[in-house]
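Okay, structure first, notes after.
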Amino acid sequence: MDIAEQLNKAISYIESALCDEIHLDTVAQIAYVTKGSFLRFFSYMTGMTLNEYVRRRRLTLAAHELQDSRCKVIDVAVKYGWDSADAFTKAFIRQHGITPTQA
């Protein structure tokens, strides 16, 4: 199995666990590498850190959820790992250029 295939399996796990806490130990085990090696491979292959990838994906899912439903912003923020609506709104604006309410 090559590293690209291992990385794809790890990314599949990350995608399936985006609403949960993602443990680096688990991701590295899935990829059959050490934690440090996984972080280096991931960054090299994707051009971003694991934390940045997870944050961006969560914000993208949150944007879709806000567009497709009448959920409260705070409920979506908590679902995707933010402790406050303010922190979520700041991150959302940085990524999408609009407020969650506008989405």
Side-chain angles (χ1 to χ4, degrees):
M1 186 178 325
D2 67 355
I3 189 64
E5 189 175 332
Q6 294 168 322
L7 186 61
N8 282 333
K9 286 184 179 183
I11 290 173
S12 292
Y13 163 76
I14 292 166
E15 288 291 324
S16 71
L18 280 173
C19 290
D20 302 318
E21 188 174 341
I22 297 170
H23 299 280
L24 181 56
D25 291 335
T26 304
V27 177
Q29 285 176 345
I30 291 169
Y32 298 108
V33 295
T34 66
K35 293 184 285 187
S37 293
F38 177 79
L39 291 174
R40 282 189 302 279
F41 289 133
F42 187 89
S43 181
Y44 176 77
M45 298 294 278
T46 64
M48 65 185 85
T49 66
L50 177 60
N51 287 339
E52 184 180 359
Y53 177 84
V54 170
R55 182 182 52 79
R56 286 183 179 191
R57 288 293 298 128
R58 286 177 176 169
L59 286 168
T60 299
L61 292 175
H64 287 290
E65 190 164 329
L66 287 167
Q67 287 178 335
D68 296 340
S69 70
R70 296 198 177 268
C71 294
K72 292 181 182 179
V73 172
I74 188 63
D75 293 337
V76 174
V78 170
K79 178 179 180 180
Y80 290 103
W82 274 265
D83 294 331
S84 73
D86 288 338
F88 175 72
T89 298
K90 287 177 186 176
F92 195 94
I93 291 170
R94 265 194 313 271
Q95 179 162 326
H96 298 294
I98 60 173
T99 67
T101 307
Q102 291 171 317

Distance-minimising heavy-atom pair for Ala17 and Ile22:
O-CG1, 3.6 Å
Taking the hydrophobic residues Ile, Leu, Val, Met, Phe, Trp and Tyr, and joining any pair whose side-chain heavy atoms are under 4.5 Å apart, which ones share a cluster with Val78?
Ile74
What pairs with Glu15 under side-chain contact (heavy atoms from CB on, under 4.5 Å), at least two apart in sequence or on another chain?
Ile11, Leu18, Tyr53, Arg57
Check side-chain contact (heavy atoms from CB on, under 4.5 Å) between Leu50 and all other residues, then give those that pass, not counting sequence neighbours.
Ile14, Leu24, Phe38, Leu39, Phe42, Val54
For Asp25, all residues meeting salt bridge (Lys or Arg N to Asp or Glu O under 4.0 Å), sequence neighbours excluded:
Lys35
ILVMFWY cluster, Ile93 and Leu66 together (side-chain gap under 4.5 Å)
no
Taking only distance into account, with no hydrogens and no angle test, what donor-acceptor pairs under 3.5 Å do side-chain atoms of residues 80-89 form with protein atoms, sequence neighbours excluded?
unit_1: Tyr80; atom_1: OH; unit_2: Glu65; atom_2: OE1; d: 2.9
unit_1: Ser84; atom_1: OG; unit_2: Ala87; atom_2: N; d: 3.1
unit_1: Thr89; atom_1: OG1; unit_2: Ala85; atom_2: O; d: 2.8

Any donor-acceptor pair under 3.5 Å linking the side chain of Ser16 with the backbone of Tyr13?
yes
Working to the nearest 0.5 angstrom, can you tell me the gap between Asp20 CG and Lys79 NZ?
10.5 Å
Spacing of Ile30 atom CD1 and Ser12 atom OG [to the nearest 0.5 Å]
9.0 Å
Ser43 side chain to Arg40 side chain, donor-acceptor N/O pair below 3.5 angstrom
no
In a table with atom names and distances, give each donor-acceptor pair under 3.5 Å that connects a side chain of residues 94-103 to protein atoms at least two apart or in another chain.
unit_1: Gln95; atom_1: NE2; unit_2: Arg56; atom_2: O; d: 3.2
unit_1: Gln95; atom_1: NE2; unit_2: Thr60; atom_2: OG1; d: 3.2
unit_1: His96; atom_1: NE2; unit_2: Leu59; atom_2: O; d: 3.2
unit_1: Thr99; atom_1: OG1; unit_2: Gln102; atom_2: N; d: 3.2
unit_1: Thr99; atom_1: OG1; unit_2: Gln102; atom_2: OE1; d: 3.3
unit_1: Gln102; atom_1: OE1; unit_2: Thr99; atom_2: N; d: 2.8

